[in-house]
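Note on naming: letters A, B, ... go to the chains in the order of the sequence lines (proteins, then strands), and numbering restarts at 1 for each one.
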Amino acid sequence: MSSGYGNRRGRRGGGGRFGDGEDVWDRCAGPSGGGYQSNPGWESREGQARGGGRGARGGGARGKHPPHLKGREIGLWYAKWGGIKRSEAERKSVRTYVTSYFDGDDPPEGPQKMGKVAEMEPDKKQKQEQEEEKEVKMKAKVEPRERDLEYLFQDLVRKPALDVELKSDFQAKAENPKYLEMLVSERMSPVHYAQRLVSLVQASRVVVISGETGCGKTTQVTQFILDDYIQRGAGSLCRVVCTQPRRISAISVAERVAAERAESVGEGRSCGYQIRLQSRLPRKQGSVLYCTTGIILQWLRSDPCLSSISHLVLDEVHERSLQSDVLLAVVRDLLHSREDLKVVLMSATLNAEKFSKYFDNCPMIHIPGYTYPVEEYLLEDVVEMLRFRPQHQDRRPRFPRSFLQNQWTRPEKEAQEAEYRQSWPCFARSLRDRFSDDTIEALERLDEDDKINLDLIVALIRHIVMNEDDGAILVFLPGWDNISGLNDLLMHAPDPCRVTMPLSDQVFKRPPAGVRKIVIATNIAETSITVDDVVYVIDGGKIKETHFDTQNNISTMAAEWVSLANAKQRKGRAGRVSPGKCYHLYNGLRASLLDNYQLPEIQRTPLEELCLQIKILKLGPIASFLRKTLDPPSEKAIELAITHLKDLNALDRSEELTPLGFHLARLPVEPHIGKMILFGALLACLDPVLTIAASLSFKDPFCIPLGKEKLADHRRKILSKNSKSDHLTIVNAFWGWEDAKRRGYKCEREFCWDNFLSANTLQMLHNMKGQFAEHLWAAGFVRSKDLKDSSANINSGDSQGLSTTAEICVCHHRPVKVYTKADGKVCIHPKSVNAEETQFHYTWLIYHLKMRTSSIFLYDCTEVSPFSLLFFGGDISIQKDQEQETIAVDEWIVFQSPARIAHLVKNLKRELDVLLEEKIRQPRPVDWDDRGSSDCAVISAIIDLITTQESPSEAPWQERSWKAGQHWD
DNA sequence: GAGCACTGC
């Protein structure tokens, strides 16, 4: 048995001495996902609606529907508000309260509400407002994009007048009572840390700062650097940029820093932020900018040396996101050409050394974290304490563990399991001194089942509720099925565990006295949201992870054991407000075998998009750049990505960008989606194609609330308008939303509610569409930035017309034969409108994402006609096969066809290819006004062919065969 | 019959 974990057990965690003056930095400023600030009161504000419009409680909801409602509206009223009323009534009578949070539940408040903004003195404020107004008027004339570029390219030239101004401002601020108040209450930063840190940064080109979440490094380090420059009268030479992994943390940290500096965020101040489609930029010199990592990677395209930045601070590098790993590699190279650039890496303590080594053993400095101590318990402690005995399962014959487990276990995990099984007897013996035989037997039984034992969690929750002090309980589970399972169990548990499952904004509120809040969450609660009154954490021990199986060329998602870093992060969630307790539901042996960290994202993900980025950033040959990363991806994964890009015609044989590749690399989407966007523009069905592209690259706007699955399916089916297409369902939903929005806020809310749509997601999709349109316009593919421009939407049509035109573009997805479940190859995901469909017009579907979870699922698919496949599916060839003419797409989708038609199709397709290639080589919009032009003629002919073909029986072809061996999936 | 989490001038 490996050693070590036994010592961790029960150890006082955190090592913190909160409140111990000198060493305290700032315990509140969680650098990661500072999260949403909770409302101090438990009750919602009156009439305040949340997200999809489930609010309007209080005034209206008093037992009877408002008198003006009629018929169906009355039913709706009871459906919507009845549930809320019921839960309010129940809340008064029960002791325990469960609420849950997954992604997809919109947070109750926007991040903009974070942070306090200190007030300024009146005259200064007035002056500043005038200045701001002047500036806003000026800026209003400049397009946002140009403004950002102007911001990016400004040089860091010393401005003595600015230096003096900044310094005197700083000194004046030091006398401002409001600022001093903030300084005392918020920063409390010990001077010696600031000095040590600043001199270390001055002396070295790269510094690693390690410290746990909550030690305040994110908010403080940037300010130390800036204030040092200002005090030395060199403020104009300092421009700190700090990257964050999440949008929400970039905003909340910037807001917080501004508040600490007694300023507001952005526009000419010392602190601002920039995330996709949203920015409040600080003044050009003498400032700190918080941005997402992706933003810096985009900046590099225009300014490969980051010449306007004096200090680059990379936060949360230990999370090992794809983008942060790439940026690290870029920056390491950049240091050769930018001798004056200072780089600061901020990491959790566990592997700070790794980053130091990567940067030539650069100096490290540790910032102690100050959270409350958290006691940790392992599975054996929990089982012993609760005297828990697993229910007898129906005793199936015991298969070898690897068989019972996920049938696609990865080889590394296989080895770990073998070690676990081998060490078990020894571990069990070592437990005998401290634990009862019953406990050891229970542990063995728990081990037989790979699933998380929810009965155990219920028992543990009961124990905490009945025996422990007040404080919220946070339960980490890997996914939806566990969460809803646990919720069901709690719902049906006898008092005092009777629960209700209310709206998710109550996740963030403190419950009234005598009520216990229980939050069940996925790993979203590790970093992205913060429930700040948590005292007890139950760590289910599993986490869902995606991987990329290069052998079978498929993405996978499965629950895996957590890493030590996850476990530590989960534990930390218990010590934010008081000393806490954390129960890990895995035994000591398992704990000793946990990985330190999850596999870095770069090793778990397909690399196509990254390869294009490497090319457009001119970082050298793809493989040699990737080998320079901290933990390079496998050669096989690199090879696979390059092959795909060549197939897509984005890279040529010598791995250089083709004209198409160049455009794809510039669009902020995956290459497949990018191609769809370009073709959508050229074929004049821009608006719907952009909706689809935005949705595929961000997220689908549909939500499925717990218990409402059937109804949600039904509503989606209606929105699909029998198109047999998930893509067009989203287009219909989006149009419906736009229409509802035009009719007012109430209509919008109602439309979203009725159709299970997230208004926040739709708004984001709307913004992204605008961004895509701007790209297309800048590249010359469309005449106008307006994506509704009629010349770009000649083939968009509505309903009928749309279903075929949008299909054209969707064909840049992968095609697949319609299988039935019995075929066992792939399944249409149950969320798809095609899941239950039995009557297809055609035998082919195209899909965007295929992933292996419990089976291999196609997540979004659209039925396509053979003509669509022939014109947009790939290379076509005509052959004589057994005395019959056939026409084939990429040599594997083969149709039987009269020779005349086959040749007609082939010629037309060739013309289309020439036209598209020419347009991409020299972007310009198709001139639809000149109907006689050859462009128009070719495209119109194809569209006519596709749209007029009403039923398969009228088609001049017959499907001949499908060559299974050549299926490239 | 099923939904870890992020991100992009």
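The CD-P distance, from A:Glu545 to B:dC6, rounds to 15 Å in whole Å. Rounded to whole Å, the distance from NZ on A:Lys850 to C1' on B:dA2 is 19 Å. If you take CD1 of A:Ile828 and P of B:dG3, they are 15 Å apart, rounded to a whole angstrom. With rounding to whole Å, A:Leu849 atom CG is found 15 Å from B:dA5 atom P. Nucleotide B:dG8 holds its P atom 20 Å from the CG atom of A:Leu664, rounded to whole Å. Distance NZ (A:Lys544) to P (B:dC6): 15 Å, rounded to an integer number of Å. The interatomic distance linking A:Arg604 (CZ) with B:dA5 (P) rounds to 13 Å, in whole Å. A:Asn767 places its CG atom 15 Å from the C1' atom of B:dC9, with the value rounded to the nearest Å.
The two residues A:Ala254 and A:Cys271 have their closest heavy-atom pair at O-SG, 3.5 Å. The shortest heavy-atom contact between A:Val317 and A:Ser347 is CG2-CB, 3.7 Å.
Contact annotation for A:Ser697: base contact, defined as any heavy-atom pair under 4.0 Å involving a base atom. In this structure, A:Ile704 reaches the bases: a heavy-atom distance under 4.0 Å links it to at least one base atom across the strands shown. When heavy atoms are screened at a 4.0 angstrom cut-off, A:Gln771 is found touching the sugar-phosphate backbone but no base atom. A:Arg247 comes within 4.0 angstrom of the backbone, heavy atoms only, and of no base.
Side chain A:Ser321 to base B:dC6: no donor-acceptor pair is found below 3.5 Å. A donor N or O paired with an acceptor N or O is found under 3.5 Å between the base of B:dG1 and the side-chain atoms of A:Asp713.
For A:Thr853, a side-chain nitrogen or oxygen approaches OP1 or OP2 of B:dG3 to under 4.0 Å. The phosphate of B:dC9 (OP1 or OP2) has no side-chain N or O of A:Ser302 nearer than 4.0 angstrom. The shortest distance between the side-chain N/O atoms of A:His829 and the OP1/OP2 oxygens of B:dG3 is below 4.0 Å. Between A:Ser528 and B:dC6 there is a side-chain N or O to OP1 or OP2 distance below 4.0 Å.
A:Glu526 has a carboxylate O that lies under 4.0 Å from a charged side-chain N of A:Arg570, or vice versa, which qualifies the two as a salt bridge.
Between A:Asp700 and A:Lys831, the closest side-chain pair of non-hydrogen atoms falls below 4.5 Å. A 4.5 Å side-chain heavy-atom check between A:Lys571 and A:Asp539 finds every atom pair outside the cut-off. Within the 4.5 Å cutoff, the side chain of A:Ile602 has heavy atoms near those of the A:Leu626 side chain.
The A:Thr522 side chain lies nearest to B:dC4 when the options are B:dC4, B:dA2, B:dC9. Picking from B:dG8, B:dC4, B:dC9 the nucleotide with the shortest atom distance to the side chain of A:Gln274 gives B:dC9. Side-chain proximity of A:Thr292 to B:dG8, B:dC9, B:dC4: nearest is B:dG8. When each of B:dT7, B:dA2, B:dC4 is scored by its nearest atom to the side-chain atoms of A:Thr546, the top-ranked nucleotide is B:dC4. Which of B:dG8, B:dC4, B:dC6 sits closest to the side chain of A:Ile524 comes down to B:dC6.
Place A:Arg716 and A:Glu601 on DNA chain B by their nearest nucleotides, and A:Arg716 ends up nearer the 5' end.
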